[in-house]
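What's counted below: heavy atoms across the whole structure, side chains too, no hydrogens, waters or symmetry copies. By convention in this document, chain letters (A, B, ...) are assigned in the order of the sequence lines, proteins followed by strands, and residues within each chain are numbered from 1.
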Amino acid sequence: MSLPKTYEPSNYEPTTYALWEVSGVFKPKGKGQPYGIVMPPPNANGNLHVGHALSFDLEDMLVRYHRMIGEDAVLIPGSDHAGFETWVVYEKELQKQGKTRFDYSREELYGQVWDFVEARRGDVGLQLRALGVGADWENSVFTLDTKVIATVYETFHKLWEEGLIYRGERIVNYCTHHQTSFADIEVVHKEEKGKLWHIAYPLLDKVGEIVVATTRPETMLGDTAIAVHPNDERYKDMIGMQVQVPLVHREIPIVADEAVDMSFGTGAVKVTPAHDPTDFEIGKRHDLSVVEVITTEGKISPEASQQFAHQDIAQARAGVVNMLEAEEIIRKVENHVHNVGHCYKCGTTIEPLIKDQWFLRIGELAKPAIKSIEAGEVKFVPASKGKLVVQYLKNLRDWNLSRQIPWGIPIPAFQNEADHSDWVFDTRVDDETIEVNGKTYRREEDTFDTWFSSSQWPYIVTNHLQDMPSGMPGASLKRFYPNSVMETGHDLLDRWVARMIMMGLYRTGKVPFEEVYMHGMVLDEKGQKMSKSKGNVLNPMEVIAKYGSDALRLGVIMNRSAGQNQAFSPATVVAGRNFCNKLWNIARFIEPHVEKFGTSKPEAKSLADHWVLARLDTARKDIDSFLKQYRFAEAADLMYHTIWGDVADWYLEASKTESNRSVLTWVLETSLKLAHPFAPFVTETIWSTMEGDRPLLAESAWPKKPEYDIIAAGEFDRLCDLVSEIRFVSSDLPGAKQALLYGSDVLVADNSELIKRLGNLKEIKSTEQPQGLRLAVPGREVWLDVEEDVMYEHQTKLELRLAECRDRIVRLQTRLDNSGYVDKAPKAVVEQTREELKEQIELERRLGKELDVIED
RNA sequence: GGGUGAUUAGCUCAGUUGGCUAGAGCGCACGAUUCACAUUCGUGAGGUCGCAGGUUCGAGCCCUGCAUCGCCCACCA
């Protein structure tokens, strides 16, 4: 025996992967129906987690399957510079060295982070290989590769030329710790307990005051108006009057604006355009001046208040409240729970600040995307995600593209030193200043939001926009746009998938992919979200080291449905590991019988032969259908049970009585093929151990329908029914093996050796004078030869079964007596019920006879 | 506040045009075993499918309401 007793994944996985890689099987062939998946690029800097394992395993399964059914399948890998994510990690490194970002230029920092990432970049590739992910490594793309930057610049330029890009002072979400702004989507809102202060502002045009309610009294230093609702009777008379801001004694107007909610607080709101998005909008409508109170460091600015200058926000708030109390103009303080934005990395409260940023107008881009999705040009699995994304696209506001971090693609824009409103597009981003038409322009120091480049990933990776002669390396990838399917986590629906559809349509006029499969999150064993801060992140490499890569794959895909979060289950991984070992031992059993591998044609002789061919063929068809519907867990489950149950437990056991080399060979080949997408390593390892000239399993063809006789296969089903009944009845019987007696029963007569082995019987004898327990199997004339007292013990069990059987008969009969059912249900269903009833009546008769014998 | 998902066996979960006695893995009980595999084999126990109504010949699945848990989105100061 050339294979050891148990499968040890770590002994084979690396060499098996090398086999694939050397053979070039993962590269596109250039002919056949294109099937391309672009991998959501993992962060180049860092380790994979189990969620990645799920994602990449699903992609790999799809690609392996489509390759085997003859398509030109490719998985194009990549890695992500992950702008902000990586920057956060690197900034911590800087901190350790006692440095900050301000000690270096943008170029220096970019270079440092590049080296930092480069040193760890290989790890991700190794981890992906350990997962068994068969990707086209030569065409791997890094998100900062020249071709990426070039395309991103083209896109930005096109958007600029078409007026879809603008630079504007807007309220941005600013993290004072990371010193950068964020897109709305990157802000995490949390409920916080705060206070609602009611503060009286004295009127200047008449005696009196107007009371406003605020959660942020310190921002009153920057108030430039009070706003009320135009329909609010309480304040109608005051609209247009001037009031005085306490503490700073600025005169500001009372304006009417529909954005004000009459029912909240006092119905009057202080307007601080510099630090609140709504206030900013009100400010624009009423042409209010803007006073910035809070700096990018999160301190009070000296321009706003000498008194509170350089204090942090909490301190200033306390100070302001104190002074207001001293002036006796706080009318009321309420407890108030409200949502506050936080940095998703460090938890710092996000400050809405005014900054000059680059924005992308979303409206015109979102419309075609919505239309395409609604027209079904992009199909979502699960379908509900399509509706969600449309909802999201309809409510999108303009996209802030600017990030104040050096690790990213520099924004290719320059500002006229003499005229700050004059900006030009230029890609010479390495020059701090450039000359255009005799004027000096200074470069923008900000970089793009990572998702701006990521949103263009499908057409960049496939070189779709590049003008390439067909022979050129990389030109062959063009046929993979639009991608066949985008497989990614449902958490990226908004920030990535929606944007890819928008940008894909914008640049190429085509949707970037035809289908989207969204997997759910892999939670920890207790069902909690995995996160670094909780320390419950599971490294897939540890799981692989313990159980093997295939076991991990089976463990994460089984028992899981699309879009649904689910806890990681070590028990399922163990089940996967055991399955691999089962396959291994199936191979060990069949190996001595194997004829030439790779060209086998099964010649079925016995009933079992016909049956196993039928079972594998049916399984193949059903796996096809499951995989086409992205029902991975069901496909894997079917594969698992067909191989373990049908092949191992029935067919191999049967072949111990009568073996058929050609069928055994085909069964092993076919099992390996069906299992390959789900367990690539162990199947390829076994495949390569067998005799015969043939390609690697990974490049072999998916099984085709073999020749078999459906009647013979059905006969074997009858035989299995009999064996199951024998086992069921004898499991209760005390003592040694039983003997089976039969009357005129051809199936039993022809297969007595087989039945004896499978039923674990002492012997099988033909008899004219039956005795013992008559077995209640429709169509059979068989008895278990047992002593009388044993029969009495068995009586209760029989009675129970008889009762159940009668119960069923009543139910079936009632159903058939119901004219509504007979008239309205499909004929086939009614027919089935009739058949069922006939069978049950037959069973009842047999059970009755069995009991009669005992009672006599 | 809006949206969305979940609720099925002791545990983790499948169950896609409504149709046989609701399934899997793990766990549990009983039994087996030199001859592919104890990472094994055989047998079994265990479920009013969250609750209440409705539609239907027929509902785990469709409709309405309720309850509990989760996730996402959101500029009520």
Side-chain angles (χ1 to χ4, degrees), chain A residues 1 3 5-7 171 184-185 189 196 212-216 219 227 259-261 263-266 268-272 276-281 336 338-339 341 352 382-385 387-388 391-392 395 397 490-491 493-494 520-521 525 527 529 547 551 555 558-561 563-572 574-592 629 631 633-634 637 640-641 648-649 652-653 656 724 727-732 760 804 807-808 811-812 815 818-826 828-830 832-833 835-837 839-840:
Chain A
M1 190 64 65
L3 299 175
K5 213 167 168 182
T6 47
Y7 172 59
I171 293 277
D184 296 335
I185 206 168
H189 292 269
L196 192 60
V212 301
T214 182
T215 54
R216 301 200 61 186
T219 61
V260 179
D261 178 356
S263 63
F264 186 87
T266 61
V269 56
K270 58 190 232 33
V271 183
T272 320
D276 183 281
T278 312
D279 291 5
F280 182 79
E281 297 297 323
H336 180 62
H338 60 149
N339 275 313
S384 57
K385 300 291 174 195
K387 284 176 201 144
L388 277 179
Q391 225 173 70
Y392 169 76
N395 295 318
R397 298 196 301 164
H490 68 56
D491 55 331
L493 182 66
D494 299 345
M521 302 292 101
E525 286 175 48
K529 216 167 159 176
Y547 300 107
M558 285 173 84
N559 281 345
R560 181 183 292 277
S561 57
Q564 209 57 50
N565 290 351
Q566 204 207 310
F568 176 79
S569 157
T572 316
V574 170
R577 192 262 324 247
N578 294 354
F579 175 75
C580 293
N581 195 57
K582 179 53 92 172
L583 260 181
W584 189 255
N585 278 287
I586 289 171
R588 282 186 1 115
F589 177 83
I590 297 182
E591 191 191 18
Q629 299 169 74
R631 291 159 70 168
E634 284 162 278
D637 194 67
Y640 175 103
H641 286 103
D649 292 341
L652 294 196
E653 288 308 316
K656 286 174 184 172
S724 295
R727 287 170 175 174
F728 172 67
V729 171
S730 52
S731 72
D732 255 20
N760 197 23
E804 280 171 5
D807 206 44
R808 251 171 267 141
R811 255 183 297 165
L812 290 167
R815 200 183 301 169
N818 180 338
S819 64
Y821 175 71
V822 180
D823 295 346
K824 291 183 187 169
V829 174
V830 176
Q832 226 174 5
T833 312
E835 286 296 314
E836 170 81 0
L837 181 62
E839 259 178 50
Q840 291 298 324

Calculate the interatomic distance between [X] atom [atom1] and [N] atom [atom2]; express it in whole Å.
X	N	atom1	atom2	answer
A:M558	B:rU12	CE	P	18 Å
A:Q832	B:rU21	CD	C1'	13 Å
A:R631	B:rG23	CZ	C1'	14 Å
A:E591	B:rC35	CD	P	18 Å
A:L583	B:rU40	CG	P	13 Å
A:H338	B:rA77	NE2	P	7 Å
A:K387	B:rG5	NZ	C1'	13 Å
A:D276	B:rC76	CG	P	9 Å

What I want to check is whether an N or O donor and acceptor connect the side chain of [X] with the base of [N] at under 3.5 Å.
X	N	value
A:K582	B:rC37	yes
A:R727	B:rU43	no
A:E653	B:rA36	yes

Discussion item. Salt bridge check, A:E653 against A:K656: does any charged N sit closer than 4.0 Å to a carboxylate O?
Written reply: yes
May I ask you to say what [X] touches in the nucleic acid, namely base, sugar-phosphate or nothing, with a heavy-atom cut-off under 4.0 Å?
X	answer
A:R216	nothing
A:D491	nothing
A:Q840	base
A:F264	base
A:E281	nothing
A:A575	sugar-phosphate
A:A828	nothing
A:T278	base
A:P826	base

Discussion item. Taking A:N581's backbone N and O only, do any of them form a donor-acceptor pair with A:N585's side chain (distance below 3.5 Å, no angle check)?
Written reply: yes
Worksheet item: A:R577 side chain to A:Y547 main-chain N or O, any donor-acceptor pair under 3.5 Å?
Response: no
Worksheet item: Just checking, any donor-acceptor pair under 3.5 angstrom between side chains of A:N818 and A:R815?
Response: no
Practice prompt. May I ask you to decide if the ring planes of A:H336 and A:F264 are parallel, tilted or perpendicular, using 30° and 60° as cut-offs?
Written response: perpendicular
Residue [X], side-chain heavy atoms: nucleotide from [options] that is nearest:
X	options	value
A:Q564	B:rA6, B:rG15, B:rA77	B:rA6
A:D261	B:rU12, B:rC76, B:rA77	B:rC76
A:K5	B:rC37, B:rG19, B:rU43	B:rC37
A:A825	B:rC13, B:rG3, B:rG19	B:rG19
A:Q566	B:rU39, B:rA36, B:rC13	B:rC13
A:D649	B:rC75, B:rC41, B:rA36	B:rC41
A:N559	B:rA24, B:rU21, B:rC20	B:rA24
A:R577	B:rU39, B:rU21, B:rA36	B:rU39
A:D637	B:rA24, B:rA36, B:rA77	B:rA24
A:I586	B:rC75, B:rG19, B:rA36	B:rA36

Write down the distance separating the [atom1] atoms in [N] and [M], rounded off to the nearest Å.
N	M	atom1	answer
B:rC41	B:rA36	C1'	12 Å
B:rG5	B:rC63	P	11 Å
B:rC28	B:rG47	C1'	16 Å
B:rG2	B:rU17	C1'	31 Å
B:rU55	B:rA59	P	11 Å
B:rG46	B:rU8	C1'	13 Å
B:rU21	B:rG70	C1'	35 Å
B:rC75	B:rC71	C1'	22 Å

Name the pairs: protein N/O against N/O of nucleotides 67-71 of chain B, kept only if under 3.5 Å.
none

Contact summary for [X] and [Y], nearest pair of heavy atoms:
X	Y	result
A:A567	A:E525	CB-O, 4.0 Å
A:M521	A:R560	O-NH1, 3.8 Å
A:D279	A:T272	OD2-N, 2.7 Å
A:Y7	A:C580	CD2-CB, 3.9 Å

Item to complete: Report the residue (A:N585 or A:R560) whose heavy-atom-nearest nucleotide on RNA chain B is the more 5′ of the two.
Response: A:R560
Worksheet, complete the sentence: Between A:E525 and A:N818, the residue closer to the 5' end of RNA chain B by nearest nucleotide is A:E525
Worksheet item: Which dot-bracket notation, 5' to 3', represents the base pairing of RNA chain B when pairs are defined as Watson-Crick or G-U with both distances under 3.5 Å, crossing pairs as [ ], and inter-strand pairs as |?
Response: (((((((..((((.....[...)))).((((((....).))))).....(((((..]....))))))))))))....
Worksheet item: Could you state the interatomic distance from OG (A:S561) to CD (A:E634), rounded to the nearest 0.5 Å?
Response: 8.5 Å
Practice prompt. Would you check, one step at a time, whether the test side chain to side chain contact (heavy atoms under 4.5 Å, CB included) holds for A:W584 with A:T6?
Written response: CA-CA 7 Å; A:W584 189 255; A:T6 47; 5.6 Å; no
Worksheet item: Do A:M558 and A:D637 pass the side chain to side chain contact (heavy atoms under 4.5 Å, CB included) test, and can you show the C-alpha distance, the side-chain angles, and the key distance before you say yes or no?
Response: CA-CA 7 Å; A:M558 285 173 84; A:D637 194 67; 4.0 Å; yes
